[in-house]
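Numbering of ligands and ligand atoms starts at 1, following listing order.
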Amino acid sequence: MNKGSKILTLFLVSLLVSSSVVPLEARKHHHNKKSKHQKQRGGGKGSGSSPAPAPLPDYNQTQSTIFNILSFGAKGNGVFDDSKALIAAWTAACKIPGATLQIPPDYKFLIKPITLNGPCMPQLVLQIDGDVLAPPKVSSWSKSSLFQWLNFKWLHNFTIGGSGTVDGQGFNWWTVSTLYNNKKKGKHVPDMKPTALRFYSSYNVTVRDITIINSPQCHLKFDNSGNVKVDNITISSPESSPNTDGIHLQNTQDVEIQHSNIGCGDDCVSIQTGCSNIHIHHINCGPGHGISLGGLGKDKSVACVSNIVVENISIQNTLSGVRIKTWQGGVGSVKNVSFSNIQVSDVKVPIMIDQYYCDKYRCKNQTGAVAISGIKYDQIIGSYTVQPIHLACSSQIPCIDVDLIGIQLNPSSGSRGFQSALCWNSYGKSQAPLVPSSIDYCLRRGSGAVRRIARSHDHACY
Ligand SMILES: *[C@@H]1O[C@H](CO)[C@@H](O)[C@H](O)[C@H]1NC(C)=O
Ligand SMILES: *[C@@H]1O[C@H](CO)[C@@H](O)[C@H](O)[C@H]1NC(C)=O
Ligand SMILES: *[C@@H]1O[C@H](CO)[C@@H](O)[C@H](O)[C@H]1NC(C)=O
Ligand SMILES: *[C@@H]1O[C@H](CO)[C@@H](O)[C@H](O)[C@H]1NC(C)=O
Ligand SMILES: *[C@@H]1O[C@H](CO)[C@@H](O)[C@H](O)[C@H]1NC(C)=O
Ligand SMILES: *[C@@H]1O[C@H](CO)[C@@H](O)[C@H](O)[C@H]1NC(C)=O
Ligand SMILES: *[C@@H]1O[C@H](CO)[C@@H](O)[C@H](O)[C@H]1NC(C)=O
């Protein structure tokens, strides 16, 4: 930014300061509140005399809903701790319907782990056009802050937008050599690593346009939430960064994720227990682990996932393409899942069900499993490097109503020693074209007895 535009920015900022104070003042003077509000609606501040009730766009009214973080003491130099300024701006904006909290472009705001909570007046927008940076040193995170960096809680009708970047600066968390001070355990990297952005108990929230990079762990998480939209965002962290999921959903319903680019070290999208009505489309995924349902049913827990649609997406250079993974011994069900129009390129195993999921070398064999039924794979096309299909269903509870339609998977050029399709205890039907032809004989035909076994395990989710 040159000097001229800096001065212009400062000038605009000072304008915003004066205007953003108005609604606050209006609220401070309680007895005066109503008349001031009416004044603003009528003719905007200063004019006062025009009572015109016409709902024309009122420039000053719009201005008075803007809260710029720089007006609340932020320095935006990437070094000064701007957390207090962000909280102050949030507190002010939260009280005004239709307010916008601005994180302006060309500045870097260092923000410590914070919670921005509601309830707020509806249609609050957090407009991130600048850079928001997490503390880069592992040791500067307190033990109680390790769950997440930016925690959005109890919000309704809330939007995050803008062309800015939320940067978790996670490099130090990814290497084992980084040490963390802990009196009891000595120096180590804590097991729990923060999620960059987390929404908790929030409804009708939209996250659009922004870029989220280099989270210590998960980039964007929704938990115990509903009616979520994610649109046109970019998520990126190195392929080598461990456990860095792109988007993580848990106990969250009615979600649409679209038009986004996600590449990280773990799942592009991870769907956990309690999720239903999830629609993912037009996204680019890779590198990473692909799109995953699970791991579900860990430690004999109940898992319920249903009504998932993943369509019109492309996946490159990932461990799996579309995957369902469950631990042995779990309870509950995964049902009514559709994966269609998926273009894969250099994906190790494009289609995978793994009911023997284990995150260490060996896990104890357990009885019981999360029951899997109604899984459709339709038009999954492209290249794999290890195995086209791997359906390892529980030996005790078969997967039923698995459909394989128009699967065309060829080994990547240069890959050698690949394996043929595997289906274990998987029942359903397939429909040509099917490449390689081993897919054709993979599934078993379901019988009434098989259905009865599967259904008898599917009651924990009602
Ligand atoms: C908006 O505010 C400015 C100064 O704050 C004032 O000059 C202008 O007349 C106002 N516009 C309207 C439409 O009220
Ligand atoms: C959210 O917005 C909708 C539509 O504008 C409104 O009906 C609803 O009451 C709002 N919810 C909250 C909690 O503000
Ligand atoms: C959800 O929020 C958006 C934007 O904040 C708003 O336009 C819409 O009316 C809200 N819908 C519901 C059902 O609350
Ligand atoms: C997507 O987000 C970028 C900013 O990151 C913006 O420039 C672009 O206009 C957005 N696209 C749409 C269709 O909204
Ligand atoms: C399956 O999921 C789709 C998409 O969410 C939904 O429209 C449909 O009603 C569901 N089917 C059943 C039987 O629940
Ligand atoms: C996905 O692509 C199919 C086939 O082109 C189309 O029918 C469907 O409407 C698309 N889905 C979305 C959500 O755009
Ligand atoms: C679990 O069962 C499988 C198949 O019966 C067997 O091959 C494997 O060794 C068992 N694993 C353990 C850890 O007991």
Enclosure of K108 NZ (heavy-atom neighbours >12, cutoff 6.0 Å):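 Open: at most 12 neighbouring heavy atoms sit under 6.0 Å from NZ of K108.
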Give the ring-plane orientation class for [X] versus [Y], where under 30° counts as parallel, over 60° as perpendicular and anything between as tilted.
X    : Y    : result
F222 : F199 : parallel
W90  : F158 : perpendicular
Y357 : W327 : perpendicular

Would you verify that at least one protein heavy atom lies under 4.0 Å from atom 14 (O) of ligand 4, or report that none does?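 Under the 4.0 Å cut-off, atom 14 (O) of ligand 4 does have protein heavy-atom neighbours.
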Heavy-atom protein neighbour under 4.0 angstrom from atom 9 (O) of ligand 6: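 No.
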Check whether any side-chain heavy atom of W141 sits under 4.5 Å from a side-chain heavy atom of W173, and report yes or no.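 Yes - at least one pair of side-chain heavy atoms lies under 4.5 Å apart.
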For [atom], what is the closest protein heavy atom, and at what distance to 0.1 Å?
atom                    : answer
atom 11 (N) of ligand 6 : N312 ND2, 2.9 Å
atom 5 (O) of ligand 4  : D209 O, 2.7 Å
atom 4 (C) of ligand 5  : V309 CG2, 3.7 Å
atom 6 (C) of ligand 5  : N336 ND2, 4.1 Å
atom 1 (C) of ligand 4  : N232 ND2, 1.5 Å

Which atoms of ligand 6 sit under 4.0 Å from any heavy atom of N341?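 The atoms of ligand 6 under 4.0 Å from a heavy atom of N341 are 2 (O), 3 (C), 4 (C).
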Going by the order shown, which atoms of ligand 6 are within less than 4.0 Å of some heavy atom of H279?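 This gives 13 (C) as the contact atoms.
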Pick one of side chain, backbone, both or neither for how I308 approaches ligand 5, counting any non-hydrogen atom pair under 4.0 Å.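 Near ligand 5, I308 shows nothing, with every heavy atom at 4.0 Å or more.
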Check ligand 5 against N277 and write out every atom of the ligand that is under 4.0 Å from a heavy-atom position of the residue.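 Atoms satisfying the 4.0 Å criterion: 5 (O).
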As a test of understanding, state which of R444, R445, R451 forms a side chain to side chain donor-acceptor pair (under 3.5 Å) with Y427.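 The residue from R444, R445, R451 that satisfies side chain to side chain donor-acceptor pair (under 3.5 Å) with Y427 turns out to be R444.
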Before signing off on this row, confirm whether H281 and ligand 6 have an N or O atom pair separated by under 3.5 Å.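 Between H281 and ligand 6 (N or O atoms, distance only) the closest approach is not under 3.5 Å.
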Report yes or no: does D245 contribute a side-chain atom to a donor-acceptor pair with the main-chain N or O of I247 at less than 3.5 Å?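 Checking the backbone N and O of I247 against the side chain of D245, no donor-acceptor pair under 3.5 Å is found.
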Salt-bridge contact D403-K376 (side-chain N to carboxylate O under 4.0 Å):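 K376 and D403: not salt-bridged.
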Less than 4.0 angstrom from a charged side-chain N to a carboxylate O is my criterion; do K112 and D81 meet it?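 Here K112 pairs with D81 in a salt bridge, since their nearest N and O are under 4.0 Å apart.
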Taking heavy atoms and a distance under 4.0 Å, where does Q258 meet ligand 6: side chain, backbone, both or neither?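 The answer is neither.
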